[in-house]
2 protein chains.
Amino acid sequence: MALRHAVMAALLEGEASGYDLAKGFDASVANFWMTAPQQLYRELDRMEREGLIAARVVEQERRPNKRLFSLTEAGMSAVRAYAAEPSGKPTAIRDDLLVKVHCADVGDIEAVRAAITERMKWAAAKLARYERLQDHLLKGRTEDEYCAQAERVGPYLTLLRGMAFERENLQWGETALRLLERRTTAT
Amino acid sequence: MALRHAVMAALLEGEASGYDLAKGFDASVANFWMTAPQQLYRELDRMEREGLIAARVVEQERRPNKRLFSLTEAGMSAVRAYAAEPSGKPTAIRDDLLVKVHCADVGDIEAVRAAITERMKWAAAKLARYERLQDHLLKGRTEDEYCAQAERVGPYLTLLRGMAFERENLQWGETALRLLERRTTAT
DNA sequence: TGCACCTATTCAATTAAGTGAGTAAGGGGG
DNA sequence: CCCCCTTACTCACTTAATTGAATAGGTGCA
């Protein structure tokens, strides 16, 4: 049950509709999960039935009405309980691209290089978004000032992790492209 | 269908039993997937039925017999086809620890810090294993020499990605611990 | 004016993944 | 001698995730 915890984490920033959550809502939450809308709506329904979240219907003109969800007291307790419990073993990266790179030698190296390039574009775009969000959070302050003043540091820390991950993707991508290029020119 | 591709990637190194695969088999494959044995055996059965892999029973003394799997021609074609197809959008990190850190501000900060410390121990251990494997692969050669001589570079590249990931975990963990500590002492 | 895209959600079905326990034989240490 | 660890695998069950639609009004632009 990872999705419901991610949803609760997202709802700590305030109420949100299923659509908001599906769209990423807050980029720093989108770091550690991403899923199709259908899954979200289903999970939100379940969580509502279990009393972890409550919905408030907002009638809108010239837009479909929406249901804004927020954490109940029970939901908040669940968050606290979850955050305090010891976590199990870490998960693997589980990325399609790595599988392809692993198999590159027996397949089409050029296709794999294209996939890496594609991924690097994604990473660069994500990193740019994260950097904008960071600027927005810091508002010119240093990291230390921010952490002294801000209400919450959690989202900032997860943002940092996401940024490091994408930077690593870019750096590794360059190395991988370079080493794979030798293979094609050598052959 | 990620697991079956990971299995095929692992079998490129040579034949292996379900048990071998479950134990990690090759550390560089263990970077991008990890799963319970039951899942593996189930998937191996399916793949065998579909003709992607073939089993060879090895009778052992003072040990249960085992079935060694290897890629068939069809399996190899499937690997090549998979490696050449364009990959979709990248997956999120999807890590429990990040969710907890995100929620740290409303929960037990000390518990979250403990979880980070725990994770850092894991990361350090994994990194050490990867470094040993790297030394083993390079055998004193430089990276460039290795890539010129080695039969395959894919596994080396995925190994590099895993190493970067764990190093990043360690670095980020330190930052996170430091910033969260201020919170506890301030309160 | 027509086409494609945005908001906001729902239905249906399938496949993948995770959880928990159990079997069976040999080996090693206190 | 008992207990736990390792090899090697199996059964049963539950939950999570993916896939492919469909609905339905509004917005922008060419």
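So you know, we letter chains A, B, ... as the sequences are listed, proteins then strands, and number each from 1.
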Regarding A:R4 and A:E50, does a basic nitrogen lie under 4.0 Å from an acidic carboxylate oxygen? yes
For the pair A:E48 and A:R67, find out whether any cationic side-chain nitrogen is under 4.0 Å from an anionic carboxylate oxygen. yes
Under 4.0 Å from any atom of DNA chain D, heavy atoms only: list the residues of residues 8-18 of chain B that qualify, in numerical order. B:S17, B:G18
Using rotation axes that map the C1' atoms of four end pairs onto the next four (five pairs an end), what angle separates the end axes of the helix from C:dT1-D:dA30 to C:dG30-D:dC1, to 10°? 40°
Who pairs with B:Q134 by side-chain contact (heavy atoms from CB on, under 4.5 Å), at least two apart in sequence or on another chain? B:L138, B:Y156, B:L159, B:L160, B:M163
Does any N or O donor sit under 3.5 Å from an N or O acceptor when you compare the side chain of A:R42 with the base of D:dT18? yes
Extract from the structure each pairing of a protein N or O with an N or O of nucleotides 24-28 of chain C at less than 3.5 Å, listing the distance.
from, atom 1, to, atom 2, distance (Å)
C:dG27, OP1, B:R62, NH1, 3.4

Which nucleotide wins on minimum distance to the side chain of B:R94, given the candidates D:dC9, C:dA17, D:dT18? D:dT18
Which residue lies toward the 5' end of DNA chain D, B:L68 or A:R46, if each is placed at its nearest nucleotide? B:L68
Give a yes/no on whether any side-chain N or O of A:Y41 is located under 4.0 angstrom from OP1 or OP2 of C:dT9. yes
Side-chain N or O of A:Y19 closer than 4.0 Å to phosphate OP1/OP2 of C:dT7: yes
Tell me which pairs pass salt bridge (charged side-chain N to carboxylate O under 4.0 Å, His left out) where either residue lies in residues 140-151 of chain B, with sequence neighbours left out. A:R182-B:D144
Residue whose nearest DNA chain D nucleotide is more 5′ - B:K89 or B:K66: B:K66
Check: B:N65 side chain, B:Q60 main-chain N or O, donor-acceptor pair, under 3.5 Å: yes
Considering only heavy atoms and no angle criterion, is a donor-acceptor pair shorter than 3.5 Å present between the side chain of B:Q38 and the base of C:dG18? no
Do any pairs count as a salt bridge (charged side-chain N to carboxylate O under 4.0 Å, His left out) and have a residue in residues 54-66 of chain B, sequence neighbours left out, and if so which ones? B:E15-B:R56
